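Just so it is clear, the values below take in all heavy atoms, side chains as well, and ignore hydrogens, waters and symmetry mates. From a predicted model like this one, the values you see are computed outputs, not experimental measurements. In what follows, residues are counted from 1 in the order of the sequence shown. Start at 1 and go down the list; that is how both ligands and their atoms are numbered.
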Amino acid sequence: MKILFISSEVAPFAKTGGLGDVGGALPRALRAAGHDVRVVLPFYARVAEGNFDIQRAFGSLEHRLGPHRLSFSTLESTIPGTDVPVYFVHCPTLYGRRGIYTQDADEHLRFAMLGWGALRIAQQLRFAPDIVHVNDWQSALVPVTLRSVLAWDRLFEQTRTVLTLHNVGHQGTFGAHVLPELGLEAARDLFHQDQLAQGKLSFLLTGILHANAITTVSPTYAKEITTPEHGVGLDGFLRGRSDVLFGILNGIDDEVWNPRRDPYLRHHFSAGALAGKLRCSLELSEATGLPHRPGVPRIGIVSRLTWQKGLDLCFSVLPRLLARRDVQLVVLGSGEPKYEDFFARLARAAPRQVAFANKFSEPLAHLIEAGSDMFLMPSRYEPCGLNQMYSLAYGTPPIVHATGGLVDTVRLFDRRTGRGNGFVFEHFDEHGLWWALDYALSCFEDRAAWSRLVHNGMTEDFSWSHRVREYVDLYRKLVPGASS
Ligand code: ADP
Ligand code: GLC
C-alpha cells in the first residue's frame, strides 16, 4: 500500500516526546512490512542544526493561506538506517524558530501549512496514497481538506484517511477568526457549526469529524476517551464515531531502544547477560555525580514535566521516601517551573541521593533507562506511554498509575507466584504511590524475586513488528478493493 504519513515530530529529526518516537518507528515498521510509506514533517530550525544528510527535492512554491502568501520548498532525506523517504516542508517564515511548538500568534498557520505542504508534495511526486495517516491536531485538517477543496484532484480519488490520537489533551483550538487563514474557507460548512458560533475552531475535532478512521495508542485509552474525564470535551464526538475508533498499542523501535544494541550506550546487555547493566549503572553514577553504591535501589524518571505526568504526587511522597529509605533518584526532564523547581530543590537538599538534569538529552534518557533499578511514571493519564516499555526492555521495572496504556503494558508483580512485570497503583493519590514504592523497594531486597521480575519484563516482546499488522489490517479495511 502507499501511505503518506504526516507528523509534527519524527525522531531523530524532531522530537519532544513519544509522538517523535512513533513518527520515526511506525513508518520504519510499515516499510519493513513491504509498504511504500512517505513521511512529511516541517523543516524546523533544529533539524537544520542536526547532523543529517538532507537534500533539496523541489524548488520554491507559493501557497496562499488567506491573506498570507507563504513560500516553501521541499527537502528530502531518509529515516536513518532505512530507505524510508522523508520530506520536509521548508518554510523559514513559519519554522525557522527555536521550538517545535510555540505560543506565537501564527501557530495555526504553522500547522495548517504542514498539512497543505504534505499534500502538495504528494502532488509534485505524483504519489497517489491509499492512506493518508495523520497524527494529533497538527495534521488533523488533512481529512477535511481532501474531502472539500482538494476533492477535484483525481490523485486522491481513492485515498482514505486515518487520524491517530496520541493525546486528546491537546486539541489545537483557536479563535474562529482563523478559518479564512487555513485555506479552507470553501469548506466552512464542514467545520463544527456550534463551535464556530461559540467563536472557536479546533483542528482535532475537525479531524475527528472527517477522518475515515480514528485510532488511538492503546486499547484502554480508546475506552477512556469516550468518557468525560479523558475525552476532555471530545468524548461525545468520539462516542459518535465509535464504529471507526480503534485502540492500537504503540510498539518500541528495537533498533534504537534495545539494550542489546542501543546506539547511545557503551555497554550492552540482555536478559541472560546482565553485566552490561551494572556498567551502565556505574556510568550513570559518573554522569550524574551520584555516589556509586550497587545494591542501593536507584529510581529513574525521564519525563516531560507537565500536569499529565502526575508528578504532583511526588511533592510529599519523595521527600518522605528519601528521608526514610536508602534510595537514589535520577530525574531527567523539563517543562513547567513548579516541577522543575521541586526536583531542583530535592537535588540541592539531598545531593548524595538525588540528581536532576533539567534538559532534553537523548543519550542521558537511554542511560537512565539502562542504569536505574526501577522507573517511576505516576501519570494522571497516559494515552500509551513508551517509557514504561523501554524500562521493561532494559530490566528496570516500572512503577505506574493504572491508566491508559500503562494498564495495557504493566501488570502488578506477585512475589508469591513470580508473575507480573512491574508495580501498579490504582488510586491516583499519595497513598497509592507510597504503597507502590514501598512494595517495589521490598521486592528489590528479595534478590530471587527481583531477578524473576526483571526477567519477566526483559523477555516480553513490545516490538513494532507485531503492532504494525493491526494498522495494516485497518488500512486494508478502508481501502476500496484491497484484500486482507
Ligand atoms: P509523552 O509522549 O507523553 O512525553 P512517552 O512515554 O510516550 O510520553 O514518550 C516520552 C519520550 O520522550 C521517550 O522517548 C522519552 O525518553 C522522551 N523524553 C521525555 N523527556 C525527555 C528528556 N528530558 N530528555 C530526553 N528524552 C526525553
Ligand atoms: C503522547 C502520549 C503518550 C504516547 C505518545 C506516543 O505524547 O502522551 O502516552 O505514548 O503520544 O503515542
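For Arg293, the salt bridge (Lys or Arg N to Asp or Glu O under 4.0 Å) test picks out Asp326, with sequence neighbours left out. Judged as a salt bridge (Lys or Arg N to Asp or Glu O under 4.0 Å), and not counting sequence neighbours, Glu430 has no contacts.
Within the 4.0 Å heavy-atom criterion, neither part of His166 lies near ligand 1. By the criterion of a heavy-atom distance under 4.0 Å, both the backbone and the side chain of Leu386 are placed next to ligand 1.
Here the protein heavy atom with the shortest distance to atom 8 (O) of ligand 1 is Lys309 NZ, 3.1 Å. In terms of protein heavy-atom proximity, atom 15 (C) of ligand 1 is nearest to Asn387 OD1, 3.2 Å.
A heavy-atom cutoff of 4.0 Å around ligand 2 is satisfied by the protein residues Gly18, Leu19, Val22, His166, Asn167, Val217, Asn250, Arg304, Gln308, Glu382, Pro383, Cys384, Gly385, Leu386.
Not a single heavy atom of Gln388 sits under 4.0 Å from any atom of ligand 1.
The shortest N or O to N or O distance between Thr16 and ligand 1 is not under 3.5 Å. Between Ser334 and ligand 1, a contact under 3.5 Å exists for no N or O pair. Geometrically, ligand 1 and Ser361 share a nitrogen or oxygen pair separated by less than 3.5 Å.
A salt bridge links Arg411 with Glu460: the closest approach of a Lys/Arg side-chain nitrogen to an acidic carboxylate oxygen falls below 4.0 angstrom. With respect to Asp254 and Arg260, no salt bridge is recorded, no charged nitrogen being found less than 4.0 Å from a carboxylate O.
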Under 3.5 Å, sequence neighbours excluded: what are the donor-acceptor pairs made by side chains of residues 25-34?
from	atom 1	to	atom 2	distance (Å)
Arg28	NE	Asp253	OD2	3.2
Arg31	NE	Asp83	OD1	3.1
Arg31	NH1	His35	O	3.1

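Each of Tyr95, Phe88, Phe13 was scored for a ring pair (Phe, Tyr, Trp, His ring centres under 6.0 Å) with Phe43, with one residue passing: Phe88. Between Phe111 and the choices Trp137, Phe203, Trp116, Phe174, the ring pair (Phe, Tyr, Trp, His ring centres under 6.0 Å) rule is met once, by Trp137.
At least one side-chain heavy atom of Leu322 sits less than 4.5 Å from a side-chain heavy atom of Leu346.
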